[in-house]
Structures are given as structure tokens and as C-alpha cells.
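The structure appears right after this line, and notes come after that.
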Amino acid sequence: PRSNVVVTPVTLRAAFEGAFLIGAALNAAQFSGRDTVGATLVRAQFNTTTSENVLKWQAVHPLPGTYDFAAADRYVAFGERNGMFIVGHTLVWHKQTPSWVFQDSSGRPVSRDTLLVRLRDHIHTVVGRYRGRIRGWDVVNEALNEDGTLRPTPWLQIIGEDYIAQAFRFAHEADPDAELYYNDYSLENAPKRSGALDLVRRLRNEGVPIAAVGLQGHDRMDWPTPAQQDSTVAAFAALGVHVMITELDIDVLPPDLNPYPDSLPDSMQQALAQRYAALFAVYLRHADAITRVTFWGVSDGSSWLNNWPVRGRTNYPLLFDRLHRKKPAFEAVVGVAQQAAAR
Ligand code: 9MR
């Protein structure tokens, strides 16, 4: 009889099946078993995970010759137990990289050759350890300035422009089957976007194995516009690389203020839901090019945006609230997927 029909609640992973993978960045809270409700939610809703912090250089390679994979191993094991497409973040960045990497024992900058050896050792060790298990890597993160030129990091200053290509080659040597990505933020803005397009074109012309560009997606209520998002995805897809939204969240707070310490007003919940729906409508239109959409965190309480650009605020950037309950934005995002599927 009909009354016995069990209605299974729609999940994100089911809603976007056939369009793109849908994921979240994880921290120890979820994969160490401390936050069991969060872990259950991750298993139910997502089919891909990214390491928010545990695979960064400082975390896995804090001292010369000293690697510490304890947390990273747990992250990968969690993904394997739960059938996730496991992403590693990140191999080359200017942040969370210890200063010893760029210095000799007396504190002077190392030579290009020494730094290349260190980069190769790091990438071979980290990527090699998880060969065949971590399926995609953010190889280089945030290498561009807002004007589209290369950011003056120690990587650029000591090795030169080819540090990016070298990092991709080392990663490819360590795991020829892993997908390799360039990941950055604000690529929706014209000058940075054109710098990134040039970079990807150059890498492709040199035969560097870059599979996709990650648009981080640290968005605001009014930026990027759906049109900016649309043209940005299209521009990268036209180069023949896949596109991924890799660190999605929407900052709802005004600069420097903390107006909603207890809860988000209903009008704002609805506005956030509409904003998420508009972005996902763009992603779905580009489902041929977009292979993955990953949120930067699981629930509002663990988002980095509670502590940036101001520490200790109460932000509401994700689809699940501080008790891991679905927000109106969750229903809106699922609704967009269902409408698209019905067409
Ligand atoms: O969310 C991460 C936060 O916990 C770390 O303290 C921070 C350190 O710089 O990095 C955050 O993640 C960043 C990511 O690695 C790269 N893109 C921007 C993310 C937000 O800052």
C-alpha cells in the first residue's frame, strides 16, 4: 500500500549525478571521528572530498627531511572507506610553506637547482605516497596577482617562471594517472582571468599535463555576477581543460561587522538561497565542462569565514547550519538540479 512507501530525502550527490561530482573540504573534525554527525552528513551528501589543511607543505613536511603523514593518512582512509573521489590540496603555494624550504642552513636563499631538488623531493614523496588513491591534485595554488602577472613568491624569484611547469611534471612522474589542476581565486575578474588563460595556454602548448582549472569560488552576495561566472567557465572550457569550482562558499557578512551573532534573518536565508540557485544554474549550464563542485567546508560552524577577514565572527556561507541541518539554500540548490533534470 502507498502509505508504506518510504520517501528517501534527496541528497546533493544524487541530485547532481550525471552532471558533476559534488564535494566538501574536510578537516580532522570529520575524518578523525570527532564530529560524527558531520561525518555522517559528508557520507550522505558528497562523493568527493578535498583536504582543507592536512596536505599543505607545513602540515606534511614541517622540517627538512621530516614528513608527518598521520593526519593525511586518516583523510585518505576516510575517503576510501566512503568511496570518495579524493582530492589533495595543495603541492605548491606561497602560504603554509615553512621558510626553511627557501633557505640554506645559514638563512640565505637557496639556488634554483637546490629549490628544484626540494620541490621534486616533496612532490614525489607526497604524491607518490598516495599514488592511485588521491585521484586529483591542486598542484599549484594562487600563483597569480590581481593584474594577471605572476605573484612574486620565493618560487618565482628563485626558480623562475618555469616553477609551475616543473611542479606539474614532478607530480605527473609521481602518479601518471592523477588529474593535475591549477587552482586560484578571483579568476572571474578580467585582468586575473586573462593572466590565467595565458598561463593555461602556455602550459598546454608546452605539453604540461594540466587536466583542469579550479575556480575557488569564494563568492559574495554580489560577486561574481552570474554573467561573469558564465563567461569565465566558458573561457577556460574553450582552452580544452575541464573546470571545477573548488572552494565554494558565499560570504554573507558586511566588511568588519558581525550583525548576526545568533542566527541569520529569514530574509537573508532566502537571499542566500536565491544566490546559490543562480550560481548552480550557471554550473549546470556548463555541466559538460564542469567536472566537480566542492564547498569549502561542511557546515557553517567550521567555515574559515568565521575567522576571516575578521576573527570570531558568525558567518553563514554554506548549505548546512551549525547543527548540520539543511538550510533553505540546500533546498534551492537541489531544486535547480531537479528542474534541470526535468527539462
Ligand atoms: O580554510 C583554510 C584555513 O583553515 C587555513 O587557516 C588557511 C591558511 O592559509 O587556508 C584556508 O584555505 C585556503 C585554501 O587553502 C586556498 N584558498 C583559500 C582558502 C581560504 O583561505
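Note that these values count all heavy atoms, side chains included, but never hydrogens, waters or copies made by symmetry. In each ligand, atom 1 is the first atom listed, and ligand 1 is the first ligand listed.
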Against the six-membered ring of Y276, is K327 placed for a cation-pi contact (under 6.0 Å from the centre, within 45° of the normal)?
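The answer is no; the distance or angle limit is not met.
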Does anything in residues 82-106 form a salt bridge (charged side-chain N to carboxylate O under 4.0 Å, His left out)? List the pairs, not counting sequence neighbours.
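Checked against salt bridge (charged side-chain N to carboxylate O under 4.0 Å, His left out) - neighbours excluded - the pairs reaching residues 82-106 are D104-R108.
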Would you indicate whether the side-chain heavy atoms of R193 and E188 approach each other to under 4.5 Å?
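Answer no - side chains too far apart.
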Can you list everything that forms a ring-ring contact (aromatic ring centres under 6.0 Å, His included) with Y182? Sequence neighbours excluded, please.
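Once residues adjacent in sequence are excluded, Y182 has no partner under the ring-ring contact (aromatic ring centres under 6.0 Å, His included) criterion.
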Can you name the residues that form a ring-ring contact (aromatic ring centres under 6.0 Å, His included) with Y316, not counting sequence neighbours?
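So Y316 forms no ring-ring contact (aromatic ring centres under 6.0 Å, His included) with any residue.
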Taking only Lys NZ, Arg NE, NH1 and NH2, and the carboxylate oxygens of Asp or Glu, determine whether D73 and R129 approach each other closer than 4.0 Å.
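Here D73 pairs with R129 in a salt bridge, since their nearest N and O are under 4.0 Å apart.
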For a quick check: using heavy atoms under 4.0 Å, what are the residues in contact with ligand 1, sorted by chain and number?
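Lining ligand 1: E52, N53, K56, H89, W93, Q96, N141, E142, Q216, H218, E247, W296, W304.
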